[in-house]
Amino acid sequence: MSLTTESEHLSLGVLSPSSEESLITRYAGGKGRNLHTLTAAGFQVPDWSVIGLDVFAGFSRRSGLQERLAQLLADGWDTTAGRVAAEIAALIEETPLDAHTAAAVALAYRQAGGGLVAVRSSGQEEDGTEHSFAGQFDSFLNISGLDEVTTHVRRCWASGFSERSLLYRAQRGLPPGTGGVAVIVQRMVPAERSGVLFTADPTAGRTDRHVVSAVHGLGEGLVSGAVDADTVVLDAATGEPLSTVIGDKQERYDAGTGPGCTVTPVTDEDREAPALTADDLALLHAAGVRATAHYGAPQDIEWAIADGTLWLLQSRPVTTLGPPPGTAPEPEGELRIWDNSNIIESFSGVVSPLTYSFAADTYAKVYESYARALGVRGDRLREVQEWTPHLLGYVHGRVYYNLYHWYRMVRLAPLYPLNRRVLEKSLGVAESISDETADGLHPFAPRPGLRGRLSRLARTAVFTRRFLSIGKSVETFHRDFYRAYEVFNNVDYDALPGDETYRRFRQLQKELIEKWGPMQALDATILLSVGLLALLTRRWLPDAPEWFTWAAAAPGGDVESAEPAWALAELAAAVRADDEARQLLERTPDTDAYQALVEAGHTGIVAAVDAYVAAYGYRSPDELKLEVPDLYENPAGLFSLLRDALPENRGSGAGEHGGEADAYLDQHLRGPRRWVYERVRRKARAALTDRERLRFCRTRAFGAAKRMLRALGRDLARAGALTSWDDVFMLRLEEVRGAYEGMIAHTELKDLAALRRTRLAADAALHAPARFTTRGAPYWSGNLERAGWSSGPAARSGARELRGTPCCPGVVEGPAVVTDTPRDIGGGILLAYRTDPGWVAALPSAAALVVERGSPLTHVAVVARELGIPTVVQVRNATTEIRTGTLLRVDGAAGTVTVLADPPDGGASAENPDTPRTETHP
């Protein structure tokens, strides 16, 4: 092919390996530039071409799209990235291609050789030494035919304005730009083995090593994390293997009949053997040495081997290379395990500093009080006070359990080995700690000899008394709580002086929160009784299905937390009976629905809505996040749930399954064993019922605190201490106290709030691991980088069946509704990363429930069992793998979620609160 000149390029708009370097630099984007460099240096690179940046610019200009992009990316784009991205994607998809642009796409496909190709985005700043933009733009494999290529070129263009890429820019202070991305069209290599080669060890910061990861087939399984790859460390100078770790390599990815990959199992023989031969490693080492020398810096290289030929697919600088040994040694200090387990049910995604600090303060007070209630005094109590303030951690705006402290807390009660196993199951902890580590965790230094045994015996006696009388204790607490709650709830705090509201807030902490400690014996009772029930099930009913224990322990039909669901169903029935009211609600926006009912004279329904809000106004999504308004403050969310509940025959797969546990017991367990089993079961069911009652108390206590803290925010704003009343959420609880106790200068609060608001917005763009470990100070010494905190998106593996923990039996087929808000379920299969108690009202509208994080004792899972909704929890990667509209089969007994059919084009992506997306904060 002859050299393409600049004038010829301006008419064609397509770049190739023979294009002038100046054109590549200007129009090919980062990946395109790297491909050109690799090709020019003589490496084996599959045929490629690039649809240049100016092709999109011309298309945008000629179609009028450019003006619309400029409007959408004007001031404020960084605060509405999700909406902006969605509108831009729709515009790019719907705008017809002019003849010039269509011809450019066709030419690029021909120059790549036609047939099966990869279509990859190539941003202008991508793969640079300063900003990698790794994972910010889309790539698509195994695309065939001009129509499909054109479709995926559009999708690459749209990814240049995706929410994650816009947030990446905002986090780094980069302007949005309207130039879009270039698009690479590259021939697919029928890879036998694929992988990644780092020409330095990025975790240890060593440039004297190469690190190779390898899988069978295409590299998609490795990149997505779905396949456990082989890892080989080579000496950078000689290529000698220094260490080899054989990965499981259970599956391989290959080109299928359409876009994407076909996943097939790998034979046992190939799984156990190294994927790479000595010759393969020699080829990779030589290529790595050449690439490092050519670029003058360590490289991250994607490669594939087919028919004995090593193909280099991409090369980019290693931007995460740590400092060399000696300058930054491995961190030393206390080992901590951070796990979001079921804490994400209460505090999902990014939470405000005020919410975290209030929650951490509450947990500390409650569990210190629990230790006192078990008779812990003196030096041992002071030791407990060392760790109770740190039961929760706050990492990049997310709340985590500091897990070792929870094991210490469980050890306050007897039967620790049994209770810690049940703790892990009830919290949804995916990975148990070793017995050796668990045995070394104590709430305080154990006393040796007779004195220690007597101390443990005394604590056991106190716990046994509380265990046996817990039902009566809960009744007393429940009565006293509501007596005090009525005093705190029936007050207009905005009408009080700020210092009076602050005084009452401190009183609320003492009256409603600090007295909560003895009730934690109820959690210990649940752990013990459910643990004993599970133990009896394993011994006496070894063939019982996995869901059986949870169904046997289910509280029964009088769970207080299920009341909002039943009340909403009754409200929906009342609306269905009034056709005029139903039509009014179906056509009226949520924000106007209440006033519309009032003006239309539907007094009965208005009264029912008022009664619902009065009874359950604090029970709303994210109800424990102080910054999120509840139904008292903003009842609009109720009408979305109500509208979703209006159609009849919702949740057709549901039906009460409580009787199945009884039927199984009747068939398989009789006599004295049945009597013993039922005694333990009755204790577990009663304890779980009481826990749900106390959860409602907690909701109301937080709701009262929410009202008070909002009033304090308005008071501080009036005083000039804050710019806006809702800046109070950017303060920590001790700073709010300091403002009223004279321990902090009011002049610093405005700057603190502004700084934290900016930081929190950047934190929202990060991908948060569900579990990680740190040593020493968590934020320093590379702890979080090693833990997997990143701004890249989660990738899909294409798995067709996912497995989790079965909670409620039943088989349902239907479309997935992947959401982070409990609305618009429409009788589909509700699939969420996490849930919270505010989702209960939406359950009757769901045919089945699938939760990625959570446990069988998660609040919503308990209520779903009472409603007979087939439920599976702890389904790893559910919100990554499945999109809204995907046809699923959920088997609540087997714990399987099977993909029956992919969604039609346009199916919404999964919404995972810990993948990059816009989060709104007051």
Going through the checks in order, is the salt bridge (charged side-chain N to carboxylate O under 4.0 Å, His left out) test met by R732 and D361? CA-CA 10 Å; R732 297 175 68 93; D361 182 74; over 6 Å; no
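- Rounding to the nearest 0.5 angstrom, the gap separating the CG atom in L722 from the CG atom in L731 is 5.5 Å.
- Partners of Y594 according to the ring-ring contact (aromatic ring centres under 6.0 Å, His included) rule, which considers only residues two or more places apart in sequence or in another chain, do not exist here.
- Between the side chain of R643 and the main chain of L585, a donor-acceptor pair closer than 3.5 Å is present.
- By the 4.0 Å N-to-carboxylate-O rule, E345 lies too far from R834 to be salt-bridged with it.
- Side-chain contact check for N489 and Y632: no donor-acceptor pair (N or O, by modelled atom type) lies under 3.5 Å.
- When side chains are defined from C-beta on, F488 does not count as touching R707, because their heavy atoms never get closer than 4.5 Å.
- Evaluation of the side-chain hydrogen bond (donor to acceptor under 3.5 Å, both in side chains) rule for Q507 yields no partner, not counting sequence neighbours.
- Between the Y401 side chain and the L391 main chain, no donor and acceptor come within less than 3.5 Å of each other.
- For D891, the salt bridge (charged side-chain N to carboxylate O under 4.0 Å, His left out) criterion is met by no residue, not counting sequence neighbours.
- Side-chain N or O atoms of K625 include one that pairs as donor or acceptor with a backbone N or O of V350 at under 3.5 Å.
- The side-chain heavy atoms of C807 and W550, taken from C-beta on, include no pair separated by under 4.5 Å.
- Residues D690 and R693 are in side-chain contact: their nearest non-hydrogen atoms beyond the backbone lie under 4.5 Å apart.
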Applying side chain to side chain contact (heavy atoms under 4.5 Å, CB included), run through E633 and R710 and close with a yes or a no. CA-CA 11 Å; E633 186 175 350; R710 277 167 151 68; 2.7 Å; yes
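- F639 is not listed as a side-chain neighbour of T588, based on a closest heavy-atom distance of 4.5 Å or more.
- Considering only heavy atoms from C-beta on, R398 stays 4.5 Å or farther from Y356 through its side chain.
- The two residues E852 and T880 make their nearest non-hydrogen contact at OE1-N, 4.4 Å.
- Nearest heavy atom pair, residue G810 against residue P870, reads O-CB, 3.5 Å.
- Summarising the geometry, atom CG belonging to D727 is positioned 11.5 Å from atom OG belonging to S352; distances are rounded to the nearest 0.5 Å.
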Using side chain to side chain contact (heavy atoms under 4.5 Å, CB included), reason through D622 and S348 one step at a time and then give a plain yes or no. CA-CA 7 Å; D622 287 321; S348 66; 2.9 Å; yes
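- Within the 3.5 Å criterion, the main-chain N or O of I343 finds no donor-acceptor partner in the side chain of S341.
- In terms of modelled atom types and a separation under 3.5 Å, the side chain of T591 and the main chain of P589 share no donor-acceptor contact.
- Between F696 and Y616, the two ring planes are parallel [angle under 30°; tilted spans 30° to 60°].
- Nearest heavy-atom pair across A684 and V530 is CB-CG2, 4.1 Å.
- A salt bridge does not link D592 to R587: none of the charged side-chain nitrogens sits closer than 4.0 Å to a carboxylate oxygen.
- For L638, the side-chain contact (heavy atoms from CB on, under 4.5 Å) test picks out L568, V609, Y612, V613, L631, with sequence neighbours left out.
- Looking only at side-chain heavy atoms (C-beta outward), Y485 and C697 stay at 4.5 Å or farther from each other.
- Taking every heavy atom of both residues into account, L688 and A553 meet most closely at CD1-O, 3.2 Å.
- With sequence neighbours left out, the ring-ring contact (aromatic ring centres under 6.0 Å, His included) criterion links H478 to Y482.
- At least one side-chain heavy atom of V474 sits under 4.5 Å from a side-chain heavy atom of M519.
- Distance CH2/W566 to CG/L571: 15.0 Å, rounded to 0.5 Å.
- Side chain of R506 to main chain of R737: no donor-acceptor pair is present (N/O by atom type, distance under 3.5 Å, no hydrogens or angles).
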Residue pair D820, Y833: steps toward the side chain to side chain contact (heavy atoms under 4.5 Å, CB included) verdict: CA-CA 7 Å; D820 59 0; Y833 181 76; over 6 Å; no
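- Remark: Y740 engages D715 in a side-chain hydrogen bond (donor to acceptor under 3.5 Å, both in side chains) (not counting sequence neighbours).
- Taking CG of L522 as the start and OG of S473 as the end, the distance is 9.5 Å to the nearest 0.5 Å.
- Here CG of L712 is found 10.0 Å from CG of L496. Values are rounded to the nearest 0.5 Å.
- Without hydrogens or angle criteria, K706 side chain to V628 main chain gives a donor-acceptor distance under 3.5 Å.
- Taking the side chain as every heavy atom from C-beta outward, L888 and L831 approach each other to under 4.5 Å.
- Taking each heavy atom of A705 and F505 in turn, the nearest pair found is CB-CE1, 4.1 Å.
- Taking the salt bridge (charged side-chain N to carboxylate O under 4.0 Å, His left out) definition, one finds that D630 meets it with nothing, sequence neighbours left out.
- The distance from atom OG1 of T549 to atom CZ of R681, rounded to the nearest 0.5 Å, is 10.5 Å.
- A salt bridge does not link R479 with E475: none of the charged nitrogens is closer than 4.0 Å to a carboxylate oxygen.
- Under a 3.5 Å cut-off, the side chain of R756 and the backbone N or O of M730 do form a donor-acceptor pair.
- Under a 4.0 Å N-O distance rule, the pair R582/D578 does not qualify as a salt bridge.
- Within the 3.5 Å criterion, the main-chain N or O of R883 finds a donor-acceptor partner in the side chain of T886.
- Judged purely by atom type and a 3.5 angstrom limit, T699 uses its side chain to pair as donor or acceptor with the backbone of R695.
- Nearest heavy atoms, L760 versus P353: CD2-CD, 4.2 Å.
- Taking the salt bridge (charged side-chain N to carboxylate O under 4.0 Å, His left out) definition, one finds that K683 meets it with nothing, sequence neighbours left out.
- Residues passing the side-chain contact (heavy atoms from CB on, under 4.5 Å) test with A359 are F347, L392, sequence neighbours excluded.
- For Y370, there are no side-chain hydrogen bond (donor to acceptor under 3.5 Å, both in side chains) partners at least two apart in sequence or on another chain.
- Listed by first then second residue, pairs satisfying salt bridge (charged side-chain N to carboxylate O under 4.0 Å, His left out) with a partner in residues 494-504 read D494-R714, E500-R503, E500-R504, not counting sequence neighbours.
- Taking F702 as the reference, F358 meet the ring-ring contact (aromatic ring centres under 6.0 Å, His included) condition, with sequence neighbours excluded.
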Using side chain to side chain contact (heavy atoms under 4.5 Å, CB included), reason through T355 and F729 one step at a time and then give a plain yes or no. CA-CA 7 Å; T355 288; F729 302 119; 5.7 Å; no
